[in-house]
Amino acid sequence: MAIRTVGIIGAGSSGITSVKSCLEEGLQPICFERQSGFGGVWYTDDEKTKKGFNFMFDSLTTNTSKEMMCMSDFPFPEDYPPFPTPRQMQDYWRSYVEHFKLKEHIRLGQKVTKITDIGSGRWKIVAEDVDNGNVTETEVDALIVSSGLQGTPNAPDIPGQQEFAGKVYHSQEFRRGTDYIGKKVVVLGASFSAGDVAVDCSRHSNMTYMSTRRGCWVMRRTFRGAGPWDLHILTRWFNYMPECFQELYLEVVFRALVNHEDLGLESDIRLYSGASIMLNDSINDQILCGKLKIKPEIKMLTKDSVVFADDSRVEDVEAVILATGYKKYYPYLEDKSMRESLEDKFDLYKYIFLPGHPTFAAVGLAKGLGPQASSYELQSRWVARVFNGKCKLPSDSVMRSAANTLREENLRDHGSVHSYVLWIPYVLDLAKEIGCLPSPWTYLFTKPRLALKLALGTINPYIFRLTGPHSWDGAIGAIEDSTRKTIKPTKTRLSKVPYTNFVYTLARYLLILLVLLFAVLLKSYFF
């Protein structure tokens with residue numbers, strides 16, 4: 001049976017891009033979103049009094065830069081800073097929806113309560129209006145689950161928590177560090193949110209402690225002072241290196257930027273072996289200034305204190321903030337085995353397609369060290385082309401085998417099953433499936449500088465609109481203008497002394513070529 005209508009759950013970045021991708025492929029998307037606006041976690045208007053909605057705290061900023069996290073055919077405004085604010089992210093997604101006329105396909109204020117497989121690959125979606133409680137039923141030919149990874153907090157039970165007189169809550173409820181002026185705060189966790197919350201609290205509290213069981217790897221938003229980290233790491237030349245050398249290189253860089261050992265942050269796990277990663281520009285300064293201290297895992301709580309695994313104790317603690325991430329939770333899926341596949345087993349083909357269910361896909365389940373939104377866009381483009389028959393999937397047995405192999409690798413290398421991916425090879429693989437991965441040789445003689453960027457440069461989203469289905473005429477200009485757009489909002493004063501000259505530029509490119517040659521030789525020797 002030909003697929004015409006596609007039900008999409010959620011209007012965050014993965015849901016919005018799924019709506020657009022379906023429209024590009026001639027499908028009819030029907031998107032359900034429980035909030036009253038677009039953007040998922042970036043949407044904040046009038047939701048701050050509604051229990052259970054995730055929204056941003058005041059000091060938050062993005063972890064990836066605008067030229068990497070934008071959609072492939074819709075750049076951010078030039079005057080936005082390299083790392084946009086939550087309000088700017090919200091405005092971006094609102095503009096995206098308006099520009100591509102997606103609003104009419106999105107039903108706002110609709111909470112999906114149950115999804116049932118009604119046979120022949122079709123699905124019935126039951127949704128409840130969050131304002132008046134009215135229930136509707138919609139039947140669709142295919143289903144995309146894109147409700148995100150940050151809906152249900154993962155809040156561990158701590159021994160003695162019932163006795164503790166202070167407040168214990170998840171970082172989802174955190175708003176601003178000024179709420180803790182003069183207080184003692186303990187933040188549990190060691191990843192992105194933990195660092196942001198701990199640093200914000202430490203600027204105002206009497207003292208802030210961050211508790212971590214295994215440490216973490218800390219990186220900064222800028223890469224050796226040369227601009228956003230993702231523009232320098234997420235490159236083709238970096239991808240040519242064997243994974244073991246990628247890991248070693250990044251660990252050396254991270255240690256050079258932050259003294260992990262002396263600050264108590266040193267990770268017990270190698271970077272590519274499931275370690276926690278924190279992107280934070282200020283945590284080392286707050287530790288060095290005595291406003292923030294790193295402690296081991298929490299052993300127990302008493303009435304007014306926190307006892308740690310090394311038996312050290314902090315008295316008069318008034319708040320424990322659990323920055324412990326989120327659970328993957330899809331309660332609206334009636335089929336228990338499908339829920340388990342998405343929540344625990346992750347036995348999906350490339351974290352998208354579930355063998356045995358050709359009209360089902362998950363967009364936004366996989367995540368890696370890179371801009372999530374651009375990878376979600378590629379996922380949605382592939383899904384839409386599979387649904388309309390333009391791309392073919394392997395047989396169910398082949399997909400199951402691939403998923404099982406990945407599960408075994410995760411268990412062997414990390415001791416657990418997860419949905420993390422190495423971002424660069426993952427997005428390049430998706431682009432190949434879609435047919436939108438450009439070849440540098442195509443532009444070698446007509447646009448040699450573009451060919452060089454495609455061969456060695458940053459893997460920004462625009463390159464996936466150069467060729468293939470639904471290419472964009474503005475892609476070449478966007479790629480060539482990417483550096484200028486990154487610098488423009490920050491370079492508001494011109495220096496009288498030029499920073500670069502011919503010798504400096506020549507030396508830099510020679511160094512890049514030498515590193516690339518060394519990486520290729522190592523890869524050919526060891527693999």
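No donor-acceptor distance shorter than 3.5 angstrom exists from the side chain of N284 to the backbone of V258, with no hydrogens or angles considered. Here the side chain of T85 pairs no donor or acceptor atom with the backbone of T61 at under 3.5 angstrom. In this structure, H170 contributes its side chain and G325 its backbone to a donor-acceptor pair below 3.5 Å. With hydrogens and angles ignored, the 3.5 Å screen pairs no side-chain donor or acceptor of R220 with any backbone N or O of L279. Counting only distance, with no hydrogens or angles, the side chain of S273 and the backbone of I269 share no donor-acceptor pair below 3.5 Å. For N280 (side chain) and G195 (main-chain N/O), a donor-acceptor pair under 3.5 Å exists by modelled atom type. In this structure, the side chain of Q35 does not engage the main chain of G37 through any donor-acceptor pair within 3.5 Å.
You'll find the side chain of Y92 reaches within 4.5 Å of the side chain of M71, heavy atoms only. A heavy-atom distance below 4.5 Å is found between the side chains of S72 and R381. For the pair C216/I277, no side-chain contact is recorded, criterion being any heavy-atom separation below 4.5 Å from C-beta on. Using a 4.5 Å heavy-atom cutoff, the side chains of Y249 and M241 are in contact. The shortest side-chain heavy-atom distance between H204 and D200 falls under the 4.5 Å cut-off. Side-chain contact between V383 and S21 is absent, with no heavy atoms from C-beta onward closer than 4.5 Å. Contact annotation: the side chain of T222 never approaches that of P228 to less than 4.5 Å [non-hydrogen atoms, C-beta and beyond]. Side-chain contact between V427 and W423 is present, with at least one heavy-atom pair separated by less than 4.5 Å.
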**OP:** Would you please test T486 and E67 for side-chain hydrogen bond (donor to acceptor under 3.5 Å, both in side chains) and show each step?
**Re:** CA-CA 7 Å; T486 300; E67 288 300 295; 5.2 Å; no
**OP:** With side-chain hydrogen bond (donor to acceptor under 3.5 Å, both in side chains) as the test, would you mind laying out the steps for T208 and S205 before giving the verdict?
**Re:** CA-CA 6 Å; T208 298; S205 65; 2.6 Å; yes
**OP:** Given side chain to side chain contact (heavy atoms under 4.5 Å, CB included), test I298 with Y209 step by step and report yes or no.
**Re:** CA-CA 11 Å; I298 295 176; Y209 301 85; over 6 Å; no
Subject >> Criterion side chain to side chain contact (heavy atoms under 4.5 Å, CB included) on T324 and L188, from CA distance to verdict >> reply: CA-CA 7 Å; T324 46; L188 175 61; 4.0 Å; yes
Original post:
Run the salt bridge (Lys or Arg N to Asp or Glu O under 4.0 Å) check on K350 and E433 step by step: do they pass?
Top reply: CA-CA 11 Å; K350 300 188 179 181; E433 296 285 0; 2.8 Å; yes
Original post:
W229 and L231: side chain to side chain contact (heavy atoms under 4.5 Å, CB included), yes or no, with the steps?
Top reply: CA-CA 6 Å; W229 69 271; L231 296 179; over 6 Å; no
Listing, residues 435-442 side-chain donor-acceptor contacts under 3.5 Å, not counting sequence neighbours, or none:
{"from": "S439", "atom 1": "OG", "to": "W441", "atom 2": "N", "distance (Å)": "3.3"}
{"from": "T442", "atom 1": "OG1", "to": "S439", "atom 2": "O", "distance (Å)": "3.4"}

Show me the side-chain donor-acceptor pairs of residues 444-453 shorter than 3.5 Å, one per line, residues at least two apart or across chains.
none

Under 3.5 Å donor-acceptor pairs involving side-chain atoms of residues 10-18, not counting sequence neighbours:
{"from": "S14", "atom 1": "OG", "to": "S146", "atom 2": "O", "distance (Å)": "3.2"}
{"from": "T17", "atom 1": "OG1", "to": "S13", "atom 2": "O", "distance (Å)": "2.9"}
{"from": "T17", "atom 1": "OG1", "to": "S14", "atom 2": "O", "distance (Å)": "3.0"}
{"from": "S18", "atom 1": "OG", "to": "S14", "atom 2": "O", "distance (Å)": "2.7"}

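Note on R270 versus E247: salt bridge recorded, some NZ/NE/NH1/NH2 to OD/OE distance being below 4.0 Å. Between K485 and E480, none of the side-chain N atoms (NZ, or NE/NH1/NH2) sits under 4.0 Å from a carboxylate O, so this pair counts as no salt bridge. Residues D73 and K20 are paired through a salt bridge, judged by an N-O separation under 4.0 Å between the basic side chain and the carboxylate. Salt bridge status for K432 with D429: absent, with no side-chain N to carboxylate O gap under 4.0 Å.
L430 pairs by the side-chain contact (heavy atoms from CB on, under 4.5 Å) definition with I352, L378, Q379, W382, Y426, not counting sequence neighbours. In terms of the side-chain contact (heavy atoms from CB on, under 4.5 Å) criterion, residue partners of K328 (sequence neighbours excluded) are, by chain and number, L149, Y330, F346, L365, S419. Judged as a side-chain contact (heavy atoms from CB on, under 4.5 Å), and not counting sequence neighbours, the contacts of P489 are K66, P82. Checked against ring-ring contact (aromatic ring centres under 6.0 Å, His included), Y96 has the following partners two or more places apart in sequence or in another chain: F74, W93, F100. Every residue two or more places apart in sequence or in another chain that forms a salt bridge (charged side-chain N to carboxylate O under 4.0 Å, His left out) with R484 is listed here: E78, D481. When the ring-ring contact (aromatic ring centres under 6.0 Å, His included) test is applied to F223, the partners found at least two apart in sequence or on another chain are H232. Partners of R255 under the side-chain contact (heavy atoms from CB on, under 4.5 Å) rule, at least two apart in sequence or in another chain, are W217, E251, H260, E266.
Using modelled atom types and a 3.5 Å distance limit, the side chains of S65 and D230 yield a donor-acceptor pair. One side chain, Q286 or S202, offers a donor N or O that lies under 3.5 Å from an acceptor on the other. Defined by atom type and a distance below 3.5 Å, a donor-acceptor pair is present between the side-chain atoms of S312 and D310. Looking at Y272 and Q246, their side chains do bring a donor and an acceptor atom within 3.5 Å of each other.
In this structure, L263 and I294 approach most closely via the heavy-atom pair O-CG1, 3.4 Å. Across every non-hydrogen atom of Q372 and S375, the tightest pair is O-OG, 2.7 Å. Of all heavy-atom pairs spanning L454 and R236, the tightest one is O-CG, 3.3 Å. In plain terms, the two heavy atoms of Y376 and A366 that are nearest each other are CE2-O, 3.5 Å.
For the side chain to side chain contact (heavy atoms under 4.5 Å, CB included) test with P371, the passing option among N63, T62, L234, I459 is L234; the others fail.
Within the structure, salt bridge (charged side-chain N to carboxylate O under 4.0 Å, His left out) pairs that include any residue of residues 277-288 comprise R221-D281 (at least two apart or interchain). Under the salt bridge (charged side-chain N to carboxylate O under 4.0 Å, His left out) criterion, no residue pair touches residues 206-215, with sequence neighbours excluded.
The local environment of CG in D473 is sparse, with at most 12 non-hydrogen atoms from other residues, nucleotides or ligands closer than 6.0 Å.
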